[in-house]
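If you read the sequence from its start, that first residue is 1, and numbering goes on from there.
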Amino acid sequence: MSAQHNPRRAAGVAAALGAALALTSCGGGTDAPVGEPDAPSEPVDLRMTVWTADETQLGLFQDIADDYVAENPELVSSVTFETIPFEDYTTALTTQLAGGNAPDLAWIFESNAPEFVSSGALVDLRPLLESTEGYELDDIVPSSLELWEEGEGLYAYPFSNSPFAMFVNTEQLSAAGQPDPADLVESGDWTYDAARDISAATAEDTGKQGLVVRDFDYQAWENLATVWSGWGAAPWSEDGTQCTLAEPEMVEAMTWIHDAAFQDGAMPGPGTTADFFAGDAAMTITQISRASSLDGSFDWDVVPLPAGPAGQQNVIGQAGIGVFAAGEHPDVAADFLAHFTSPENAEQLAAYFPPPRESLLNAETLAAANPSLSEEQLQAVVVEGVEDAVTKPAHKNFAKLSQTVRAELDALWTADADVEAVLTDTCSAIGPLLEE
């Protein structure tokens, strides 16, 4: 899930994150690996920050933690899960870090992963996880670890790997006489151009909206990665040092998006709100976890993201769990993380968070926890969607970059915009930030 983008908040996050991680690193943050913990002089209390307030999820977390406490009374006396609201999460977490009140463990957004990983704020978990009996680190899909690795180190466990997919209101499409996307997937004709044409025709027939990239709203530009990945485009080079927004692939992809909104009537324009799950749109691109929002008021389906000129590309939103070196008990916290994410507990967590473990990435396991989705849908969208997926944009300077790109792209969201010129100007604006 993504939060509404607020430029003032983004500026605050950028400043707070940089300052907090610098302080954490100077104050003892290290990439030194943790090992099996020695028993402390007395059992310790652990604290993990999360952004979920779902009581069922928190209850599961507490059950797993209570088992750990019962099994390790000499190490830990309690584990507390502290909920920070989603929209304030990174700001609040960095405030804690800067104030010398680091949690022992924390959830971390994929967009901020490079900064946390490269800062020295997190401990290297790999040696402990490799040596923990029954952990089976090699069961984890290698591509899911890439964002959390630096050198030989592994600095967080990617507990949530939620693929983006296309939800379709088949009732609206059928009434408008449009093809069923599932049939196009079967025939190999499920492309972004097909999705655009179907969405535009259905919107014209129903008077509602066509294709909605959920949580984009002409603010959170990074969510457009679900589209431009089909063109093989990216906002910056793989090493994060060069802007690639003005490269031909991105220009073509953003031209497609611009024209879909301002010429074809396939996407709602700026200022138009349309909720697919309320029946307001023909299609929406969003994470598979949104399926729980469907209430049976209309017929629907979910299919993989369409193919673009560069082929079909899977895209995931990801979140990791890391252990802070500045926490009071990093060795005990890392040992708890190994317990919390063990194969057995990862299977329980899979009820809410698509797992990175290959042994759990099968339709049968996932169907038990996702009754609204068929095994066929889960296989196509989740199982195959996690394999070889790319994540949304991430960078060690992401907070500053995000705010600057959003401001520059404002010029793109008018009917007569010069797409290539806007993207060239955006590259000029973010070049210095990529070099910081």
Side-chain angles (χ1 to χ4, degrees), residues 1 141 143-144 160-175 178-192 194-195 198-199 202 210-215 223 226-227 229-230 275-308 311-318 346-392:
M1 295 174 62
V141 177
S143 62
S144 73
S160 182
N161 302 264
S162 186
F164 286 85
M166 185 79 82
F167 285 84
V168 180
N169 187 321
T170 53
E171 198 170 300
Q172 286 186 16
L173 268 58
S174 177
Q178 294 302 305
D180 186 335
D183 293 336
L184 298 181
V185 172
E186 184 77 19
S187 65
D189 298 315
W190 180 229
T191 64
Y192 276 102
I198 294 169
S199 296
T202 304
L211 168 59
V212 175
V213 180
R214 190 176 178 93
D215 297 319
N223 285 331
T226 55
V227 180
S229 293
D275 183 1
F276 171 87
F277 297 98
D280 298 338
M283 301 183 193
T284 191
I285 295 174
T286 189
Q287 286 172 290
I288 191 66
S289 55
R290 296 279 191 175
S292 60
S293 300
L294 292 159
D295 60 7
S297 58
F298 56 83
D299 295 333
W300 60 276
D301 197 2
V302 60
V303 294
L305 294 176
Q312 197 275 339
Q313 176 64 63
N314 298 319
V315 181
I316 61 172
Q318 198 176 60
E347 184 170 1
Q348 295 190 69
L349 295 171
Y352 308 102
F353 310 103
R357 289 185 173 274
E358 291 185 15
S359 60
L360 299 177
L361 282 173
N362 60 78
E364 183 179 0
T365 297
L366 295 171
N370 297 274
S372 62
L373 298 170
S374 69
E375 289 194 10
E376 291 76 13
Q377 291 170 329
L378 288 164
Q379 177 66 33
V381 176
V382 180
V383 177
E384 297 175 13
V386 171
E387 300 283 350
D388 299 319
V390 298
T391 61
K392 295 193 304 178

Counting C-beta onward and ignoring hydrogens, is there a side-chain heavy-atom pair between [X] and [Y] closer than 4.5 Å?
X      : Y      : result
Val212 : Phe276 : no
Ile198 : Pro179 : yes
Val213 : Thr284 : no

Please report the interatomic distance [atom1]([X]) to [atom2]([Y]), rounded to the nearest 0.5 Å.
X      : Y      : atom1 : atom2 : result
Ser199 : Leu173 : OG    : CG    : 7.0 Å
Leu361 : Leu366 : CG    : CG    : 6.5 Å
Ser359 : Glu347 : OG    : CD    : 8.0 Å
Phe167 : Leu294 : CZ    : CG    : 6.0 Å
Ser143 : Ile316 : OG    : CD1   : 6.5 Å
Ile285 : Leu211 : CD1   : CG    : 5.0 Å

Shortest non-hydrogen contact from [X] to [Y]?
X      : Y      : result
Thr202 : Ala282 : CG2-CB, 3.8 Å
Pro181 : Met283 : CG-CE, 4.3 Å
Ala346 : Leu360 : C-CD1, 3.6 Å
Ala194 : Leu184 : CB-CD1, 4.2 Å
Val185 : Pro304 : CG2-CD, 4.3 Å
Asn161 : Pro355 : ND2-C, 3.8 Å

Ignoring hydrogens and geometry, is there a side-chain-to-backbone donor-acceptor pair from [X] to [Y] under 3.5 Å?
X      : Y      : value
Gln312 : Leu305 : yes
Ser174 : Glu171 : no
Ser144 : Val141 : yes
Gln172 : Gly279 : yes
Thr391 : Gln318 : no
Ser162 : Gly317 : no
Ser229 : Thr226 : no

Open item on the list: List the residues meeting side-chain hydrogen bond (donor to acceptor under 3.5 Å, both in side chains) with Asp301, not counting sequence neighbours, and say none if there are none.
Closed with: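 Asp301 satisfies side-chain hydrogen bond (donor to acceptor under 3.5 Å, both in side chains) with Gln377 once adjacent residues are dropped.
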Open item on the list: Please evaluate residues Val302 and Leu373 with respect to the criterion side chain to side chain contact (heavy atoms under 4.5 Å, CB included), reporting the C-alpha separation (whole Å), side-chain torsions for both, the decisive distance (0.1 Å), and the verdict.
Closed with: CA-CA 9 Å; Val302 60; Leu373 298 170; 3.9 Å; yes
Task: Verdict with supporting geometry, Trp300 and Val168, side chain to side chain contact (heavy atoms under 4.5 Å, CB included) - done: CA-CA 5 Å; Trp300 60 276; Val168 180; over 6 Å; no
Open item on the list: My understanding is that only residues two or more places apart in sequence, or in another chain, count here; which of them pass salt bridge (charged side-chain N to carboxylate O under 4.0 Å, His left out) with Asp275?
Closed with: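 Here the qualifying residues are Arg214.
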Open item on the list: I want to know whether Phe277 and Phe298 have ring centres closer than 6.0 Å.
Closed with: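 No: the rings miss the under 6.0 Å criterion.
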